[in-house]
There are 2 protein chains.
Amino acid sequence: METFVELLKTHNLKVTQQRLEILRYVESHLTHPTADEIFQSLTKKYPSLSKTTIYNTLETLTNAGIIQRLTICPTEHRYDFNHDMHHHFICKQCGKIFDIHFTCPNVETIEKDILKDGHRIEEVHGYFRGKCKDCLNKEGVKNG
Amino acid sequence: METFVELLKTHNLKVTQQRLEILRYVESHLTHPTADEIFQSLTKKYPSLSKTTIYNTLETLTNAGIIQRLTICPTEHRYDFNHDMHHHFICKQCGKIFDIHFTCPNVETIEKDILKDGHRIEEVHGYFRGKCKDCLNKEGVKNG
DNA sequence: TTTTAAGTTGTAACCATTACAATTTAACAA
DNA sequence: TTGTTAAATTGTAATGGTTACAACTTAAAA
């Protein structure tokens, strides 16, 4: 039935309309939205929704491991539903983030190395920076 | 001789006292300092140094590929001299960043995959989040 | 239904970073 | 050495994402 309700309960989080909406939004928008983008979209339907709630909820869901916070963008945080383990490519020019559905097969070896140091790993992030296909093409046209 | 002078010239950057000092600082402090930490340290010796210069220079050096900007910390940027390719582990509790001198041997396979999509890779970042050895130990003592 | 800890809301503040315009300077050429 | 100019530096003011906080509301258990 209500998957998201179950999901929240599983993580010992109170079920509220706000949390469900935010969760639904992030799960269905694979565009790595910012807090503001989520707010701008949801505020149309729920005018009483507060931006602070967006921030609080994103923090809560991140801590629970339900979503992940991307610190790839230098100016703002982006959020991503934790579907499966994957990495990211961010374009320096247009800022668009692309999912990289390929993870290092040796990540466990690295993790063992870190564990050997005594640290406890809770998140694994990989990201690549550069110029995306679209921006390269635009330049190609412009510069011959 | 003056390695940093050469380094700047190689990248077609004007050689200024400010750039040399900032470069020297980042190269010799492997603590992944913030712009403010660099400023607080250098302002003692060079009171006329402006914080804007710190930001400008870090931006310039990052674009040149001489240093790298870490966006691991959610609240502020950290900088790292580009000695060799390595990854990072950041403690969620104390915020300290540890160097991970081990990179994915299959990173080139991933890169080929990204290149196949048409994107151009300019930076590769890997980071792990969790609780560091020191923070775990402190908790261990406290909780028996 | 009552209770209460937890969640939500709006406002105000915070603070890292950037914009901008004036001043200074590195680097090149004469 | 001197003059020239584009680039770098500086200080101040503004920006904007995020957080602090206190009042209000509500989910959920008794």
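What you see is a predicted model, and the numbers here were worked out from it, not measured in a lab. Here is the naming used below: chain letters follow the sequence lines, and residue numbers restart at 1 for every chain.
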**OP:** Please determine, for the side chain of A:Arg19, which listed nucleotide (C:dT8, D:dA8, C:dT17) has the closest atom?
**Re:**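 Taking heavy atoms from C-beta onward, the closest nucleotide is C:dT8.
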**OP:** Identify which nucleotide among C:dT8, C:dT18, C:dT9 has an atom closest to any side-chain atom of B:Thr52, counting heavy atoms from C-beta outward.
**Re:**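 Among C:dT8, C:dT18, C:dT9, the one nearest the side chain of B:Thr52 is C:dT18.
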Measure from [atom1] on [X] to [atom2] on [N] and round the result to the nearest Å.
X       : N      : atom1 : atom2 : value
B:His11 : C:dA27 : NE2   : C1'   : 19 Å
A:Leu58 : D:dG17 : CG    : C1'   : 13 Å
A:Glu76 : C:dA16 : CD    : P     : 18 Å
B:Asn12 : C:dA26 : CG    : P     : 18 Å
B:Lys14 : D:dT4  : NZ    : P     : 16 Å
B:Ile54 : D:dT10 : CD1   : P     : 9 Å
B:Arg78 : C:dT17 : CZ    : C1'   : 16 Å
B:Leu8  : C:dA27 : CG    : P     : 9 Å

Original post:
Is any NZ, NE, NH1 or NH2 atom of the basic residue among A:Lys92 and B:Glu122 found under 4.0 Å from an Asp or Glu carboxylate oxygen of the other?
Top reply: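 Yes, this pair counts.
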Original post:
Are B:Arg69 and B:Asp80 close enough for a salt bridge, meaning some N to O gap below 4.0 Å?
Top reply: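 A salt bridge is absent here (no side-chain N lies under 4.0 Å from a carboxylate O).
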Any side-chain N or O of [X] less than 4.0 Å from the OP1 or OP2 oxygen of [N]?
X       : N      : result
A:Thr16 : D:dA27 : no
A:Ser48 : C:dT9  : yes
A:His77 : D:dT18 : yes
B:Tyr55 : C:dT17 : yes
B:Thr53 : D:dT10 : yes
A:Gln17 : C:dG7  : no

Original post:
Given that A:Pro47 and B:Val15 both sit by DNA chain C, which one's nearest nucleotide is further toward the 5' end?
Top reply: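 Taking each residue's closest nucleotide, the earlier one in sequence belongs to A:Pro47.
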Subject >> DNA chain C: 5'-proximal contact among B:Glu59 and A:Gln18 (nearest heavy atom) >> reply: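 Of the two residues, A:Gln18 wins.
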Subject >> Any donor-acceptor N/O pair under 3.5 Å between D:dG17 base and A:Thr75 side chain >> reply: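 In this structure, the two groups form no donor-acceptor pair.
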**OP:** Looking at every strand, decide which applies to B:Asn56 at a 4.0 Å heavy-atom threshold: base, sugar-phosphate, or nothing.
**Re:**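 Here B:Asn56 touches the bases of the nucleic acid.
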Original post:
Does one side chain, of B:Tyr46 or B:Glu21, offer a donor that lies under 3.5 Å from an acceptor on the other?
Top reply: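 Side-chain D/A pair, B:Tyr46 to B:Glu21: present.
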**OP:** Look at the rings of B:Tyr25 and B:His29 and say which category their plane angle falls in: under 30° parallel, 30 to 60° tilted, over 60° perpendicular.
**Re:**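 Parallel, since the angle between the ring planes stays under 30°.
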Original post:
Testing B:Ile90, B:Leu70, B:Val26 for side-chain contact (heavy atoms from CB on, under 4.5 Å) with B:His32, which one passes?
Top reply: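 Looking at B:Ile90, B:Leu70, B:Val26, the match for B:His32 under the side-chain contact (heavy atoms from CB on, under 4.5 Å) is B:Leu70.
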